[in-house]
Student: 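Take this structure, written in structure tokens, and hold onto it; I'll ask about it next.
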Amino acid sequence: MKVLVLTGPESSGKSWLGNEIQRRFGGELVGEYVRHFIDQQARDTCYADIPAIAHGQLAWEDAARARQPRLLILDTHLLSNMLWSRTLFGHCPAWLEDALLARHYDLHLLLSPESVAWHDDGQRCQPQLAERQAFFQATGAWLTLHRQPCQVLQGDWQQRKQAAFAAVAHLLGT
């Protein structure tokens, strides 16, 4: 099983690209638990919600890992939970980073916020490009610091899709 993570700031194409990759290569796509949580709670999140959101994301990921698909596509993982917690609340539960580092991921596709428009979907909160660039930089810095396999995707939607397809084909050895 190969585990692919789509990561980066909001509105950079992670969910769209996850669907495109699944259509092209098959596998199992795991969505963002936080979206489910917000829909279910019908309110903004608070710092006290971070553990429940993280545990929910891990549970979805673990259930998919247990099914052993050839390709596991994660629309997000705990890194986004960590960074959003720090962005929104100024700190993050310490155990999240340990839990993240205890897992193996074969490749992270880090999506740049540049060259694509921000779209408000009712849950997003960073309309300014500078905010999304800061999130992108923080994501890249963490991945580099922890020597996580990473490829940056940039350009328009078609360029991102082509680069992602090439990266996944290489990952799968096809």
Student: Going by atom types alone, do Trp142 and Glu97 pair a side-chain donor with an acceptor below 3.5 Å?
Tutor: yes
Student: Has the side chain of Thr144 got a donor or acceptor atom that lies under 3.5 Å from a matching backbone atom of Gly140?
Tutor: yes
Student: If we only count heavy atoms from C-beta on, is the Asn19 to Leu29 side-chain gap below 4.5 Å?
Tutor: yes
Student: Between the side chains of Ser115 and Asp156, is a donor N or O closer than 3.5 angstrom to an acceptor N or O?
Tutor: no
Student: Under 3.5 Å, side chain of Arg160 to main-chain N/O of Ser12, donor-acceptor pair present?
Tutor: yes
Student: Rounded to the nearest 0.5 Å, what separation is found between the NZ atom of Lys2 and the CG atom of Asp106?
Tutor: 5.0 Å
Student: Do the two ring centres, one from Tyr47 and one from His91, sit under 6.0 Å apart?
Tutor: yes
Student: Would Glu10 and Arg132 pass as an ion pair if we require N to O under 4.0 Å?
Tutor: no
Student: Give a yes or no on whether the backbone of Pro149 and the side-chain of His108 come within a donor-acceptor separation of less than 3.5 Å.
Tutor: yes
Student: Are Glu61 and Arg103 within salt-bridge range, i.e. N to O under 4.0 Å?
Tutor: yes
Student: Side-chain heavy atoms under 4.5 angstrom apart, residues restricted to Ile, Leu, Val, Met, Phe, Trp, Tyr: same cluster for Tyr105 and Leu101?
Tutor: yes
Student: Same cluster or not: are Ile50 and Val34 linked, directly or through other Ile, Leu, Val, Met, Phe, Trp or Tyr residues, by side-chain heavy atoms under 4.5 angstrom apart?
Tutor: yes
Student: First locate atom CG of Leu171, then atom CZ of Phe25, and finally report the distance between them rounded to the nearest 0.5 Å.
Tutor: 9.5 Å
Student: Between Phe89 and Trp84, is the ring centroid distance below 6.0 Å?
Tutor: no
Student: Donor-acceptor pair, Lys14 side chain versus Leu110 backbone, under 3.5 Å?
Tutor: no
Student: Would you call Arg67 and Leu72 a side-chain contact if the rule is heavy atoms closer than 4.5 Å?
Tutor: no
Student: So, Asp75 and Arg35, do they make that salt bridge, N to O below 4.0 Å?
Tutor: no
Student: Please answer whether the main-chain N or O of Thr76 pairs with a side-chain N or O of Ser80 as donor and acceptor at a distance below 3.5 Å.
Tutor: no
Student: Under a plain distance cut-off of 3.5 Å, with no hydrogens placed, do Glu114 and Gln133 share a side-chain donor-acceptor pair?
Tutor: yes
